[in-house]
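Per chain, numbering begins at 1; letters A, B, ... match sequence-line order. Excluded from the calculations below are hydrogen atoms, water molecules and symmetry mates; all remaining heavy atoms, backbone and side chain alike, are included.
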Protein chains: 2
Amino acid sequence: MTKGKDTKETILISALSIVSQSGLEGLSIGKLAQTVGLSKSGLFAHFNSLENLQLAVLQKAVDIFIETVIVPALKQPRGEPRICAISKNLFEWDRKFSGGCPFFSISAELDDKPGVVRDFLVSTQKDFVSTIANMAQIAITEGHFRKDLNPQQFAYDFYAIVLCHHHFDRLLNDPLAQNYYLNAFKALIKNSH
Amino acid sequence: MTKGKDTKETILISALSIVSQSGLEGLSIGKLAQTVGLSKSGLFAHFNSLENLQLAVLQKAVDIFIETVIVPALKQPRGEPRICAISKNLFEWDRKFSGGCPFFSISAELDDKPGVVRDFLVSTQKDFVSTIANMAQIAITEGHFRKDLNPQQFAYDFYAIVLCHHHFDRLLNDPLAQNYYLNAFKALIKNSH
DNA sequence: GACTAATACGAACGATCGTACTATTATTTT
DNA sequence: AAAATAATAGTACGATCGTTCGTATTAGTC
């Protein structure tokens with residue numbers, strides 16, 4: 001009863017690493033089985049379909065994301081401090097995966113592929129954007145941000161520089177990626193005051 | 001001699017559409033051959049390898065990008081007008097492909113896959129970022145932008161909101177994506193004065 | 001220790017992948 | 001019109017894909 005859960009955990013961690021590097025397309029049952037030292041059919045039996053495996057991997061990623069990025073931020077005071085904490089924690093999140101944020105890795109490949117996996121991803125991404133917008137709204141009521149700031153626009157602007165950091169860092173290998181991001185974040189906060 | 005060029009053109013246009021929707025992973029020789037009405041081997045003979053096909057598709061994308069986005073912008077006055085033209089033309093570029101900007105579609109899947117295709121993509125993306133930075137530099141010397149503006153940082157900020165627009169539009173299907181982008185662009189220009 | 005359920009394995013399936021050959025048409029050049 | 005070349009088709013290959021099935025091994029329960 002507990003053995004199954006353990007190997008399932010091992011499988012998902014391995015799978016997440018693959019997804020982070022090669023996206024969902026790079027996640028094949030045969031390859032994954034080889035990586036974790038199981039037979040193809042043995043691994044398959046845990047999920048009964050590739051789609052279920054993909055969903056389980058995404059759910060695992062969400063769990064780790066919440067635990068790494070969201071929960072610690074909520075321990076900060078309401079408003080601006082929480083947003084700054086999110087920004088900081090995102091670097092830690094990124095560092096957890098050899099290929100960078102797994103959500104980013106699969107966003108592009110799913111954006112024209114309807115199905116439950118895409119639906120799940122979209123749902124989690126919308127949750128994140130909403131979380132940022134909510135935090136911005138709180139920062140307004142707390143008096144940190146100016147009253148005429150649009151929280152949704154803030155979430156967009158924040159998401160933008162996060163996405164771009166990943167792009168400059170992982171694809172372009174620009175050594176200044178983090179500098180650009182930090183400057184942009186500082187400017188975003190400043191313009192929100 | 002000319003017949004080959006024609007069918008090659010047809011192939012590349014079809015291939016670009018596929019790549020825009022499903023990325024490079026979605027571009028298979030068999031499927032593409034079926035789409036354009038050729039036999040697998042007949043199509044293969046045009047490129048002699050999948051890698052060459054991918055490179056040709058990317059080169060075609062670059063050609064169209066320059067013709068759609070860059071060249072018209074260069075007809076505008078130096079400095080800020082050119083940057084605004086780029087911003088406007090990018091929407092036209094996006095509209096040319098059913099799946100959105102093909103470069104975006106393949107960025108994530110290539111960022112951990114070394115090879116000539118990745119090298120080519122990185123090279124073109126760096127070219128684009130440099131082009132934006134150069135235009136920002138010109139806008140400074142023309143007196144449109146403030147003297148202490150960092151052109152590279154401007155290019156990053158600009159790239160960020162473009163990326164994010166694609167994300168909000170294609171993945172999240174947010175009807176306000178364009179609004180967010182236009183607001184962000186307006187703010188970026190304003191803060192550069 | 002016996003029984004049962006969970007877990008893993010091995011082999012095979014149809015399908016598709018990129019690629020390599022050879023043969024057969026079209027097209028261009030002489 | 002004949003010869004030469006380019007373009008396409010046909011077939012087959014090894015590999016890998018997700019999935020199914022039957023069987024063997026392991027683990028937990030009584």
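- Atom P of nucleotide dA8(C) and atom CD of Gln34(A) are separated by 17 Å, given to the nearest angstrom.
- Centroid-to-centroid, the aromatic rings of Phe128(A) and Phe103(A) stay 6.0 Å apart or farther.
- Between Ser98(B) and Gln21(B), the side chains place a donor N or O and an acceptor N or O closer than 3.5 Å (distance only, hydrogens not considered).
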Any chance you could list the contact pattern along nucleotides 17-24 of chain D? Use B for base contacts, S for sugar-phosphate-only contacts and - for none, protein heavy atoms under 4.0 Å, 5' to 3'.
BBBB----
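- Following rounding to the nearest Å, Leu43(A) (CG) and dA8(C) (C1') show an atom-to-atom distance of 10 Å.
- Distance alone, capped at 3.5 Å, is enough to place a donor-acceptor pair between the Thr141(B) side chain and the Ile138(B) backbone.
- Within 4.0 Å of Ala45(A), counting heavy atoms only, lies no atom of the nucleic acid at all.
- When every heavy atom of Ser20(B) is checked against every heavy atom of Asp112(A), the shortest pair comes out as O-OD2, 4.1 Å.
- For the pair Thr7(A) and dA8(C), the criterion of a side-chain N or O lying under 4.0 Å from OP1 or OP2 is met.
- Between Asp6(B) atom CG and dT27(C) atom P the separation is 11 Å, expressed in whole Å.
- Cation-pi check for Lys96(A) over Phe65(A) is not met; the charged atom does not lie both under 6.0 angstrom from the ring centroid and within 45 degrees of its normal.
- Here dC17(C) presents its C1' atom at 15 Å from CG of Leu24(B), a figure rounded to the nearest Å.
- The side-chain heavy atoms of Phe168(B) and Tyr181(B), taken from C-beta on, include no pair separated by under 4.5 Å.
- Between Lys8(A) atom NZ and dA8(C) atom C1' the separation is 15 Å, expressed in whole Å.
- A sub-4.0 Å separation between OP1 or OP2 of dA6(C) and a side-chain N or O of His46(A) is absent.
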